[in-house]
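In what follows, a single structure is set out as structure tokens and then discussed.
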Amino acid sequence: MSWRDTCCGELRRDDVGRRLTVAGWVDTRRDHGGLVFVDLRDHTGVLQLVVNPETAREAAEAAHQVRNEFVLRAEGEVVARADENLNPNLPTGAVELRVERLAVVSRSEPLPFQLDEEGVDETLRLRYRWLDLRRERMQRNLRLSHTAIAAIRRTMDELGFVEVWTPSMTKGTPEGARDFLVPVRLQPGRFFALAQSPQLFKQLCVIGGIDRYYQIATCWRDEDLRADRQFEFRQLDVELAFAEREDVLEVLERCVVASFEALGREPPPRPFARLPYREAMLRYGSDKPDLRFDLAIEDATEVTRGSGFGVFANAPAVRYLTAPQAFSRSELERLERDAKELGAKGLAYLVYDEEGQVRSPIAKFLSEEELARFGAEPASTVLFAADRPDVVVRVLGGLRAQLAKELDLADRRRDAFAWIVDFPLFEWSEEHGRWTFSHHPFTGVRPGDEEWIESDPGGALSEAYDLVWNGWELGSGSIRIHDQDVQRRIFAALGMGEEEAEEKFGFLLEALRMGAPPHGGFALGIDRFVALLAGEPNIREVTAFPKVASGSDPLTGAPTAMPDAVLRELGISTIGQPQ
RNA sequence: GGGGGCGUAGCUCAGGCGCGGAGAGCACUCGCUUGUCAGGCGAGAGGUCGCCGGUUCGAGUCCGGUCGUCCCCGCCA
């Protein structure tokens, strides 16, 4: 006896007359006392079973006992439905299975939530994830995820990349994100760190002559969870020898396009836009702008330099956004509150009504020239930020993102991919009072900018790049430093002595001294990519068993305390709640 | 660490100005029902209104705290 020889969702009118066996879950039952209808569901879809006590007495008796989510095995004949009984809502709705034998394979308790109900509390879904996974949404998302990842693997293979496994347990680093630590029984008091990424190993692979390395790698970072962040996540990790920036970007673009095609969707046109970091910040106030809409930030500093409006005249920078709506008094008050939360001192504005008439407390202070410059379409509002350039960028960037959401400016049918390029090499860390790397310490310096490493660290650009899709950062990469001397100077600029650098990254520095080819790569956040492909608002919806924001797993109850004996063997004692 | 939302039956929610017996739909149990597909009809069971404290004659409702969860800021090389 086989459990089944056919899947539920496959049957069509052509199958009428076949005798077959199906198995699956009870989606719903409709028990008429005599006739019993059961919608049987498997991973392919739903099929209606009809059990008639006059032709299958034992099967009918069993069918009366059936409840939701019982697992059944049904043998019978596929029959056509009468015209008045067709169900156009079901792919199998032209046929049904006239059951001859029915077996209850597995019973089910009443479920903690109903599978056909929307909006079930997410913690409950995660607590009973095996039930949640039976639902259409999760089935679809996990299959979509598989399809995209399979397309990526296929593409990487075609492009000559070799998948290499690298250690999860590796050496901790104080820089970057917090590490998850793994105690080592054989060496009590010592710890591995779970890899935040295979960064150093992938460079070693290429230095080791792999030429084209890739891996769908699991990474761990002990930072607060978000809609787009879990402790554990996957990266498409890529590294190429003898590569320039465009070589790397092309590989990633081909993976993106292949994923779209595998899902039967119109891929974004290649090449993707290249947007310099500086321009992204100026025009959109963000290094991961959503480019499905424009709403660009304009600069007015030159125009307002001699303004009669003191706030403008005295500000180091004056920039503005033109929102396509004439805001009301109360809307403007709310926007001003939001602007202040973003760091603005206030929010100046010009409202243009339906007739194009300007309404603003500051209009009377502005010259004809200024008003002409800011003049906007009827039914719009010009919003100004006047402050230090970095504050202006933050405020208008924040307002831009918020307005887009509130006014629904993003065209959901569009897919706006862009590379953000020419990032600064360093950024100033207020916390540490020194320069720190903006990407990571092995990021290449843009050719010609090496001299700035010492003389003007803030002015040097790097060979780093980010991939942005509809305002989500999908990943980042760079051409790496393959010159040991440049690497030493970078460490020096970061305030890291040679001894410290040797202690932390000695093995990489050594490798760089032994014939390192020029190389570069990228890391694409697979979970984010798949969530966006699936149209989901967070990565938990494409993750089989995710954790909640507090870092717990509602299903297993992890994390848990461990017995003292276990800790003792590892040389660990706990001090309770840290300060 | 900070800000905001949510927490009432197994699930999704209503009640929310303190007015006094805590409700609906689905799920569940029992009975009836031979063409349903959100099956129908009838009956029933099911509640620490997240938890603790306060105000009040009286708290699901007001106040304080706390826990859980979601979103955001910080953080995420």
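All chains are named by letter (A, B, ...) in the order of the sequence lines, taking the proteins before the strands, and each is independently numbered beginning at 1.
Counting any heavy atom pair closer than 4.0 Å across all strands shown, A:Asn52 reaches a base atom. Residue A:Asp116 is classed as having no contact, given no heavy-atom separation below 4.0 Å to the nucleic acid. Counting any heavy atom pair closer than 4.0 Å across all strands shown, A:Glu122 reaches sugar-phosphate atoms only and no base atom.
Here the side chain of A:Ser550 is nearest to one of B:rU69, B:rU12, B:rG10, namely B:rU69. Among the nucleotides B:rG10, B:rC72, B:rU34, the one closest to any side-chain atom of A:Gln114 is B:rG10. Picking from B:rU69, B:rU34, B:rC11 the nucleotide with the shortest atom distance to the side chain of A:Leu124 gives B:rC11. With B:rC11, B:rA27, B:rG35 as the choices, the nucleotide that has an atom nearest any side-chain atom of A:Asn68 turns out to be B:rA27. Closest to the side chain of A:Arg67, from the set B:rU34, B:rU29, B:rG1, is B:rU29.
Proximity of A:Arg30 to the phosphate of B:rU36: no side-chain N or O atom is located under 4.0 Å from OP1 or OP2. The phosphate of B:rC28 has OP1 or OP2 within less than 4.0 Å of a side-chain N or O from A:Arg29. The side chain of A:Arg226 contributes no N or O atom lying less than 4.0 Å from OP1 or OP2 of B:rC75. Look at A:Arg394 and you won't find any side-chain N or O under 4.0 angstrom from OP1 or OP2 of B:rG74.
Judged by distance alone, with hydrogens and angles left aside, A:Glu117 brings no side-chain donor or acceptor close enough to the base of B:rG10 to form a pair under 3.5 Å.
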* Please lay out, stage by stage, how A:Phe442 and A:Phe437 fare under the test ring-ring contact (aromatic ring centres under 6.0 Å, His included). => CA-CA 9 Å; A:Phe442 317 107; A:Phe437 39 82; 8.1 Å; no
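Looking only at atom types and distance, the side chain of A:Gln230 has no donor-acceptor partner in the side chain of A:Asp527 under 3.5 Å away.
Interface residues of residues 77-84 of chain A facing RNA chain B, ordered by number: A:Arg81; criterion, heavy-atom separation under 4.0 Å.
For the C1' atoms, the distance linking B:rG18 with B:rA59 amounts to 7 Å, nearest Å.
With the nearest nucleotide of RNA chain B identified for both A:Asp224 and A:Gln196, A:Asp224 has the one nearer the 5' end.
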